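One structure is given here, and the rest of the page talks about it.
Note that the coordinates shown come from a computational prediction; the quantities given were computed from them, not determined experimentally. Both backbone and side-chain heavy atoms feed into the values below; hydrogens, waters and symmetry mates do not.
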Amino acid sequence: MTRRNMVAQTSDGPVLLVKKLGGLLAIIVGCLLTAVGVTFESGGTTFVGVLFLILGAILLVLKIIRRNEGSSLP
């Protein structure tokens, strides 16, 4: 990949950064909520924590897919 192609792909930088930070934040919140829910035997809190974990994973996967769109695998 040439430098020109790399620069052209960074036009979505803020969107990718939001997905990355949002995904990481959702995973951290999800871990905390899941731990609190399991500790206090709260099914609702555990469920919300797992939803946040799933949301964070989806955001990170979307970011990775978007970043690798232009690259070709050997």
Side-chain angles (χ1 to χ4, degrees):
M1 179 177 288
T2 64
R3 188 150 193 51
R4 177 180 288 161
N5 289 341
M6 289 173 56
V7 172
Q9 289 181 351
T10 61
S11 63
D12 294 333
V15 173
L16 294 178
L17 181 64
V18 168
K19 283 184 182 178
K20 185 176 185 179
L21 292 177
L24 290 174
L25 183 64
I27 288 175
I28 292 169
V29 169
C31 286
L32 291 173
L33 286 175
T34 302
V36 168
V38 169
T39 301
F40 294 110
E41 297 178 0
S42 172
T45 305
T46 304
F47 180 74
V48 171
V50 170
L51 286 179
F52 269 100
L53 284 169
I54 292 169
L55 173 68
I58 289 172
L59 287 175
L60 289 177
V61 166
L62 287 174
K63 182 222 172 273
I64 291 167
I65 289 172
R66 177 76 174 162
R67 183 186 66 198
N68 292 334
E69 255 179 9
S71 66
S72 60
L73 297 174

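Between Ile27 atom CD1 and Leu32 atom CG the span is 12.0 Å, to the nearest 0.5 Å. Rounded to the nearest 0.5 Å, atoms CG (Leu60) and CG (Leu21) are 9.5 Å apart. Here the CG-NZ distance, from Leu24 to Lys63, works out to 9.5 Å after rounding to the nearest 0.5 Å. One distance of note links CD1 of Ile28 with CZ of Phe52; it measures 12.5 Å at 0.5 Å rounding. In this structure, NZ on Lys20 lies 14.0 Å from CG on Leu25, to the nearest 0.5 angstrom. The structure places CG of Leu59 at 11.0 Å from CD1 of Ile64, a figure rounded to the nearest 0.5 Å.
Remark: of the listed residues Thr45, Thr39, Thr46, Thr45 is the sole one forming a side chain to side chain donor-acceptor pair (under 3.5 Å) with Ser42.
The shortest distance between side-chain heavy atoms of Val50 and Ile54 falls below 4.5 Å.
Between Cys31 and Leu53, the closest heavy-atom pair is SG-CD2, 3.6 Å.
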